[in-house]
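Position 1 is the first residue of the sequence; numbering continues from there. Every heavy atom of this structure was used, including side-chain atoms; hydrogens, water molecules and symmetry mates were not. Computed from a prediction, not measured in an experiment: that's the story for all the values here.
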Amino acid sequence: MSAEDVAKAFVQHFYQTFAANADGLTALYNDTSMLTFEGQQFQGVQAILGKLKQIGSVHHDVKSMDVQPSKDPNSLVIFVTGTVRIGGDNPLHFCEFFQLVGTGPNQYYVHNDVFRLNYGL
């Protein structure tokens, strides 16, 4: 699979799973993974899932996605923009950055995840 194919599949899976059941994201993270959510840092599967589940009901509408290979040939970075509805409220603009690190052929985990809401757009 190309980096673009991996990124498209990952982004679709991530946001669909997040909307359906955040616990389904467990396998995407490990104990070295880090999430920065609106400036707050969370490291490890339990801390990350705790934060994601705390957000509650969400629905992401992805507007754009960019992908690049990373320094390591088994890693790639993904930048996503779009809107998110939290708890059914009005949509807010967001951006999210992921670094995926390969663990085997076509297998990756999220090493870095940075999320920000974009106010005033």
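The line from CG of Leu92 to CZ of Arg116 is 14.0 Å long, rounded to the nearest 0.5 Å. The distance from atom CD1 of Ile86 to atom NE2 of His59, rounded to the nearest 0.5 Å, is 12.5 Å. Taken to the nearest 0.5 Å, the NZ atom of Lys8 stands 12.0 Å off from the CD1 atom of Ile78. Interatomic distance, CZ of Phe98 versus OH of Tyr109, reported as 14.5 Å (0.5 Å rounding). To the nearest 0.5 Å, atom CZ of residue Phe37 and atom CG of residue Leu52 are 7.5 Å apart. Distance check: Phe18 CZ to Asp23 CG gives 11.0 Å after rounding to the nearest 0.5 Å.
In this structure, the side chains of Phe10 and Leu28 come closer than 4.5 Å at one or more pairs of heavy atoms. In this structure the side chain of Leu117 reaches within 4.5 angstrom of the side chain of Val84, judged on heavy atoms. A heavy-atom distance below 4.5 Å is found between the side chains of Val45 and Asp31. Counting heavy atoms from C-beta outward, Leu100 and Val110 have side chains that approach closer than 4.5 Å. Two residues are said to be in side-chain contact when any heavy atoms from C-beta on lie closer than 4.5 Å; Ser33 and Ile48 meet this criterion. Looking at heavy atoms from C-beta onward, Thr36 lies out of side-chain contact with Phe97 at the 4.5 angstrom threshold. Side-chain contact between His111 and Met34 is absent, with no heavy atoms from C-beta onward closer than 4.5 Å.
Annotation for Lys63 and Gly82: closest pair CG-CA, 3.5 Å, computed over non-hydrogen atoms. Heavy-atom minimum distance, Asn118 versus Phe94: ND2-C, 3.3 Å. In plain terms, the two heavy atoms of Ser75 and Gln99 that are nearest each other are CB-NE2, 4.2 Å. Contact detail for His60 and Val58: the closest heavy-atom pair is CE1-CG2, 3.9 Å. Between Ala22 and Lys53 the shortest heavy-atom distance is CB-CG, 3.6 Å. Annotation for Glu96 and Asp113: closest pair OE2-OD1, 2.6 Å, computed over non-hydrogen atoms.
Residues meeting the ring pair (Phe, Tyr, Trp, His ring centres under 6.0 Å) test with Tyr108, sequence neighbours left out: none. With sequence neighbours excluded, the residues that form a side-chain hydrogen bond (donor to acceptor under 3.5 Å, both in side chains) with Thr32 are Asn30.
With a 6.0 Å radius and a threshold of 12 heavy atoms from other residues, nucleotides or ligands, Gln68 has its CD atom at or below the threshold.
The cluster map of Ile, Leu, Val, Met, Phe, Trp and Tyr, joined by side-chain heavy atoms under 4.5 Å apart, puts Met65 and Val114 in different clusters. Linking Ile, Leu, Val, Met, Phe, Trp and Tyr residues whenever their side-chain heavy atoms come within less than 4.5 Å leaves Val67 and Val101 in two separate clusters. Val62 and Val77 are not part of a single hydrophobic cluster, where members link through side-chain heavy atoms under 4.5 Å apart.
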